[in-house]
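First the proteins, then the strands, lettered A, B, ... as listed; each starts at 1.
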Amino acid sequence: MSRHRLGFAVKVLGAGGIPSHDTRRWQSGPHLRVSLDRLDEILSYLERNAITMYRMSSSLAPYATHPDLPEFHHQVDECRDRLAEVGARARSLGVRLSAHPSQYVVLNSESEDVRAAAVRDLELHAALFDAMELDREAVVVLHVGSGGTGAADRFLRGFELLPDAARARLVIENDDRVFSLTDVLDVSRRSGLPVVWDILHHHCHDPAGIPDRDALELALATWPAEVKPKIHYSSPKTAVERRKRRRGRRVETQYVLPPLRAHADLIDPIAFRQFVAHTAAGLDFDIMLEAKAKDLALLRLREQLS
DNA sequence: CGATGTCAAGGAATC
DNA sequence: GATTCCTTGACATCG
């Protein structure tokens, strides 16, 4: 059994599946109030299964930052009491919550409109977490963004646009093609932002060839002493089996290789045990599992480790 | 009811 | 310069 807190992202597949947020389209008036009821149900599920870390949907307040739908803007105010209630429940269960805005939130975009949208989104996430009265361990994870010349500088300028509340929640993650750990550490040094190390991304994109143990230590060192660091852990997807029907009866099996960065359904328990026992020896941090089978992958891994 | 199209959104790769 | 892919599920619509 790992002494690290283990979490999963967004969707609950167990218990017949629990929706992560109000997914109705804007015409049907989706609302944060509904999403919070879902989140409350998910907290019950986490309690039943002794799961203590969870990444919330980044669409809890549907369309709240949409530029053309200003009437959706006040969902946080409309749900103040409920947010405090659900936040208190998460705290009492000892559940560490986080969020990870989508690929469309690009703080270093060359487009002013896109940057402004990113600021709105990060402000919203901070407002939600603050209204839930979550502590500093509840972070908002973001990739640095697009590449090209001056990409890091653009990020720093985007960061300057953020109000303090949003800055205080923000952490940055290495991605699989543009911002390697080295690049993200540089942005961290210049901004003071902590780094979430994603091991699979690191294995996809690491031009400096930093060994895992070094990479892990470098990332953990960017966190303030009073906040427990966290990382992202996943296993690469293996080949996909395809059966091809050939003139009537004959069936031929082929193997299609997925992209290197694709997440497997489950976590490879052998690699994970090795990681915890050796790479992570003596280090204290939480682990967000990213597997297609979500909570089922977490439960399976825990079973395999016990 | 099952199949198919669509969704708010960016950026990189490819053509 | 324009199109496709990435990756993603579920709502919405249509047959």
Side-chain angles (χ1 to χ4, degrees), chain A residues 8-32 34-35 37-39 41-42 55-73 75 99-125 140-152 154-155 157-158 161 172-180 183-184 198 200-201 204-205 207 232 234-238 240 256-265 289-297:
Chain A
F8 69 96
V10 187
K11 207 166 60 155
V12 176
L13 300 180
I18 305 171
S20 60
H21 67 278
D22 190 349
T23 56
R24 291 174 298 168
R25 297 193 181 163
W26 65 266
Q27 294 90 336
S28 311
H31 202 279
L32 173 60
V34 177
S35 293
D37 287 344
R38 298 292 92 77
L39 179 57
E41 291 175 52
I42 290 173
R55 176 193 301 165
M56 289 157 42
S57 162
S58 57
S59 313
L60 268 203
Y63 301 98
T65 59
H66 193 294
D68 301 334
L69 299 168
E71 65 270 29
F72 283 79
H73 282 188
Q75 294 177 62
H100 193 353
S102 79
Q103 59 178 315
Y104 300 111
V105 177
V106 185
L107 196 52
N108 81 338
S109 173
E110 309 228 29
S111 151
E112 187 176 344
D113 289 347
V114 174
R115 286 197 303 272
V119 170
R120 281 200 304 279
D121 195 88
L122 295 171
E123 275 185 294
L124 173 73
H125 275 94
V140 177
V141 183
L142 193 70
H143 292 292
V144 180
S146 59
T149 44
R154 289 202 308 277
F155 182 88
R157 286 202 295 279
L161 299 173
I172 46 180
E173 176 190 350
N174 61 305
D175 67 73
D176 54 23
R177 46 177 71 182
V178 182
F179 276 84
S180 68
D183 302 329
V184 175
D198 185 302
L200 185 58
H201 292 165
C204 293
H205 180 52
H232 290 173
S234 53
S235 298
K237 188 176 180 64
T238 52
V240 182
V256 181
L257 295 177
L260 288 172
R261 62 182 167 279
H263 291 157
D265 296 342
L289 301 174
E290 295 183 324
K292 292 193 60 131
K294 308 292 183 189
D295 52 315
L296 301 181

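- Straight-line distance between the P atoms of B:dT14 and C:dT7: roughly 13 Å, to the nearest whole Å.
- Only the P atoms considered, C:dT4 is 15 Å distant from B:dG5, to the nearest whole Å.
- With contacts defined as side-chain heavy-atom distances shorter than 4.5 Å, the pair A:Asp198/A:Glu290 qualifies.
- Rounded to whole angstrom, the span from the NZ atom of A:Lys237 across to the C1' atom of C:dT8 amounts to 13 Å.
- Here the P atom of nucleotide B:dA9 and the NE2 atom of A:His66 are 6 Å apart, to the nearest Å.
- Using a 4.5 Å heavy-atom cutoff, the side chains of A:Phe155 and A:Ile172 are in contact.
- A:Arg38 has a carboxylate O that lies under 4.0 Å from a charged side-chain N of A:Glu41, or vice versa, which qualifies the two as a salt bridge.
- Residue A:Pro207 comes nearest to A:Ser180 through the heavy atom pair CD-CB, 3.7 Å, listed as atom of the first residue, atom of the second, then distance.
- Put simply, the side chain of A:Ser146 does not reach to within 4.5 Å of the side chain of A:Val178, judged on heavy atoms.
- For A:Thr65, no side-chain nitrogen or oxygen approaches OP1 or OP2 of B:dA9 to under 4.0 Å.
- In this structure, A:Gln103 places its CD atom 11 Å from P of B:dA12, rounding to the nearest Å.
- Residue A:Ser28 places at least one side-chain N or O under 4.0 Å from the OP1 or OP2 atom of C:dA12.
- Stacking of the aromatic ring of A:Tyr104 onto the base of B:dA9 is found: the ring centres lie under 5.5 Å apart and the planes are inclined by under 30°.
- For the C1' atom pair drawn from B:dC1 and C:dT8, the interatomic distance equals 23 Å after rounding to whole Å.
- The phosphate of C:dC11 has OP1 or OP2 within less than 4.0 Å of a side-chain N or O from A:Thr23.
- Between the CD1 atom of A:Ile18 and the C1' atom of C:dG9 there is a distance of 17 Å, given to the nearest Å.
- When the C1' atom of B:dC7 is taken as reference, atom NE2 of A:His21 falls 11 Å away, rounded to whole Å.
- One P atom belongs to C:dA2, the other to B:dA8, and the distance between them is 24 Å to the nearest Å.
- The shortest distance between the side-chain N/O atoms of A:Lys11 and the OP1/OP2 oxygens of C:dT8 is not below 4.0 Å.
- In this structure, C:dG15 and B:dC1 make a Watson-Crick or G-U wobble pair, each of the two defining distances being under 3.5 angstrom.
- Rounded to whole Å, the distance from CG on A:Leu124 to C1' on B:dA8 is 14 Å.
- For the OP1/OP2 pair of B:dA8 and a distance below 4.0 Å, the side-chain nitrogens and oxygens of A:Trp26 include at least one atom meeting the criterion.
- Within the structure, every side-chain polar atom (N or O) of A:Arg120 is placed at least 4.0 Å from both OP1 and OP2 of B:dA9.
- Using a 4.0 Å heavy-atom criterion, one finds that A:Gly147 contacts the sugar-phosphate atoms exclusively.
- Between A:His100 and A:His125, the ring center distance fails the sub-6.0 Å criterion.
- In the set B:dG10, B:dA13, C:dC11, the nucleotide with an atom closest to the side chain of A:Arg177 is B:dA13.
- Side chain of A:Arg25, nearest nucleotide from B:dG10, B:dA9, B:dG5: B:dG5.
- Note: NE2 (A:His205) to P (B:dA12) measures 12 Å, nearest angstrom.
- No N or O donor and acceptor, one from the side chain of A:Arg24 and one from the base of C:dC11, sit under 3.5 Å apart.
- Taking atom CG of A:Asp22 as the reference point, atom C1' of C:dA12 lies 15 Å away to the nearest angstrom.
- Closest to the A:Arg261 side chain, of the nucleotides C:dC6, B:dG11, B:dT6, is C:dC6.
- Pair assignment for C:dC5 gives B:dG11, based on Watson-Crick or G-U wobble hydrogen-bonding distances that are each under 3.5 Å.
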